[in-house]
Amino acid sequence: MLARELLRTSPDRIRAALAARGSDAPFAELLAADSRWREAQAELEALKAERNRGSKEVGALLAKGRTEEAEKVRSGMVKLGARVAAAEVEATALAEAVGALELVIPNLPHETVPVGPDETANRVEHSWGEPPTFDFEPRSHWDLGPALGILDFERAAKVAGARFAVLWGAGAALERALVTFMLDLHRGTGYREVYVPFLVNSDALIGTGQLPKFGADLFHIEGTELYLVPTAEVPVTNLHRGEVLEEASLPRRYCAYTPCFRAEAGSYGRDVRGLIRQHQFDKVELVHFATPETSYAELEVLTKAAESVLRRLGLPYRVVTLSTGDMGFAAAKTHDLEVWLPGQACYREISSCSNCEDFQARRADIKYRPSAGGRARFLHTLNGSGLAIGRTLIAILENYQHADGTVTVPEALRPYLGGLERLVPEQ
RNA sequence: GGAGGGGUGGCCGAGCGGUCUAAGGCACCAGUCUUGAAAACUGGCACGGCGCAAGCCGUCAGGAGUUCGAAUCUCCUCCCCUCCGCCA
């Protein structure tokens, strides 16, 4: 959500930003609705002021026993009441129109974001590690996993449907090991671990920006107002919804494990094989709350924390800055981490680290009180995967594979797997 | 799921149809006094919106209603507490 003041004072800046995003957001409608609402609101308040004066007078006259005069004023107020009611209906309708429109306007990109229509305009910042070379044709994880007996898509389809997976034996243990490994790593660098609900209400989803625009991407629990979390960003960011935090307590850095559930509407035919795009996947998420002055330094801290996971696992990756046309709705700037996947011979997204500035904080009403005193200000929120577990599992299988189909377990994970050094065929 | 009790400013807490412009206390800030501090005293001290401003409007968990007028009356919802039932 953008500041109302900004809409009124810098409409050109917003129009330019929306154009850079390739957004068709109804900004002109929003401006017009805001203008109409202000007019109606001023009229309503003038009528209410008049009624308040009259009502007070009725009370004063009654107190003095001048009942006839009081009755005269009262009957005048009855007529005024009808006008107030009518004005209120109009002002409320306009206020709702403004509120609905401003919830579908995306965030403004930061000035350092490359301008472009889609992912081809993304800027590669740097890369780490060398893609491994093989003296055989590297296999994809959807071949390796089932051959090892640790990945089972047929049975997943039987119990749930397409875009689900079953992990057996060492596969299931590896999934669990990755979660624990990542949480331990982040806890060791100052993140506070938090365990949160996997179902959230619509207020939370509005707060982080999934609603009202992207409801089709969510799983909704029939007969309730609850949704399955599409990312831990939603429950974790909303932990402080409606709160005012002390500046001295910032930055706050939280990490959380949750499964994530996404309807993946409209992605038919894309990444249908393997674990890449699932309705359910595990993720360790990082969320920061920061002051406006420090949020871009925090974005670097967040990105480095996500990178550290890949480095510890020895997985080659690169960091890209998303272009204006490729960024998410709530983000002002996003760094994607892309891990090398030998099976597809390309880099694929494994983490997305964003500074949402005050966009979510406005929607969720999250503020901080400056140490120097003064009124509370909206803080900045950031979030990033650290990392997506399923895609990490894919990267391990594909990067650490051998010609015989076995897979080396990265050293950093062995303590979490009872010292297991190599995945070999099961059953 | 059933029964009962509650939700008022940063905190405690009064108010139960009309100067509520929300008492009082605590905490906090400033000042007086003091070598300094404490104490005492004086003053200040919620948030949001509209407006150039003066100012006005709104907010007593949320919503709807009754009324000239609602923190106060009615209805609905949410949340918290206690007990019962069920349950990992």
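What you are looking at is a predicted structure, and each value in this text was computed from that prediction instead of being measured. All values below come from the heavy atoms of this structure, side chains included, with hydrogens, waters and symmetry mates left out. Every chain is numbered from 1 and lettered A, B, ... according to where its sequence line falls, protein lines coming before strand lines.
Residue-level contact check: Arg53(A) touches neither bases nor backbone, having no heavy atom under 4.0 Å from any strand. Across all strands, Leu62(A) comes closer than 4.0 Å to base atoms (heavy-atom distances). Using a 4.0 Å heavy-atom criterion, one finds that Lys367(A) contacts the sugar-phosphate atoms exclusively. Across all strands, Arg4(A) comes closer than 4.0 Å to no nucleic acid atom at all (heavy-atom distances). Contact annotation for Val78(A): backbone-only contact, meaning every heavy-atom pair under 4.0 Å involves sugar-phosphate atoms and none involves a base.
By the salt bridge (Lys or Arg N to Asp or Glu O under 4.0 Å) test, Arg414(A) pairs with no residue at all, sequence neighbours left out.
Evaluated for a ring-ring contact (aromatic ring centres under 6.0 Å, His included) with His240(A), the options Phe289(A), Tyr368(A), Phe378(A) yield exactly one hit, Phe289(A). With His288(A) as the fixed residue, the ring-ring contact (aromatic ring centres under 6.0 Å, His included) test singles out one of Tyr296(A), Tyr191(A), Tyr254(A): Tyr191(A). Partner of Phe359(A) under the side-chain contact (heavy atoms from CB on, under 4.5 Å) criterion, chosen from Leu108(A), Thr208(A), Asn107(A), Thr381(A): Asn107(A).
Using atom C1' as the reference point in both C79(B) and A61(B), the two lie 7 Å apart (nearest Å). Taking atom P in both A64(B) and U59(B), one finds a spacing of 11 Å when rounded to whole Å. For the C1' atom pair drawn from G17(B) and A70(B), the interatomic distance equals 7 Å after rounding to whole Å. The separation of A30(B) from C45(B), taken at their P atoms, amounts to 15 Å, rounded to a whole angstrom. Comparing the P positions of C78(B) and G85(B) gives a spacing of 24 Å, expressed to the nearest Å. Atom name P, nucleotides C20(B) and C26(B): the rounded distance is 22 Å, in whole Å. A distance of about 14 Å separates the P atoms of C47(B) and A22(B), rounded to the whole Å. Using C1' as the reference atom, C11(B) and C28(B) are 11 Å apart when rounded to the nearest Å.
Nearer the 5' end of RNA chain B, as judged by each residue's closest nucleotide, is the contact made by Glu57(A), out of Arg51(A) and Glu57(A). Between Val73(A) and Ala46(A), the residue whose closest nucleotide on RNA chain B is further toward the 5' end is Ala46(A).
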> Would you write out the dot-bracket form of RNA chain B, 5' to 3', with Watson-Crick and G-U pairs under 3.5 Å, [ ] for crossing pairs, | for pairs to other strands and . for unpaired bases?
Replying inline: ((((((((.[[[..)..(.....]]].(((((.......))))).(((((....))))).[[[[[..)....]]]]])))))))....
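Going from atom OG1 of Thr321(A) over to atom CG of Asn122(A) covers 8.0 Å, rounded to the nearest 0.5 Å. Atom CD1 of Ile206(A) is separated from atom CE of Met1(A) by 10.5 Å, given to the nearest 0.5 angstrom. Note that OG of Ser202(A) is 8.0 Å distant from NE2 of His220(A), once rounded to the nearest 0.5 Å. Between the CD atom in Gln280(A) and the CG atom in Leu228(A) there is a gap of 9.0 Å [rounded to 0.5 Å].
Reading RNA chain B from its 5' end, the first and the last nucleotide to sit under 4.0 Å from a heavy atom of chain A are G18(B) to G69(B).
Proximity of a side-chain donor or acceptor of Ser249(A) to a complementary backbone N or O of Glu246(A) within less than 3.5 Å is detected.
The salt bridge (charged side-chain N to carboxylate O under 4.0 Å, His left out) pairs that include a residue from residues 204-213 of chain A number zero, where partners must be two or more places apart or lie in different chains. Evaluation of the salt bridge (charged side-chain N to carboxylate O under 4.0 Å, His left out) test over residues 252-263 of chain A, restricted to residues two or more places apart or in two chains, returns Arg253(A)-Glu298(A).
The stretch residues 84-94 of chain A has no heavy atom under 4.0 Å from RNA chain B, so no residue of it qualifies as close.
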> Passes salt bridge (charged side-chain N to carboxylate O under 4.0 Å, His left out), Glu88(A) versus Lys48(A)? Steps please.
Replying inline: CA-CA 10 Å; Glu88(A) 188 137 45; Lys48(A) 280 190 172 177; 3.0 Å; yes
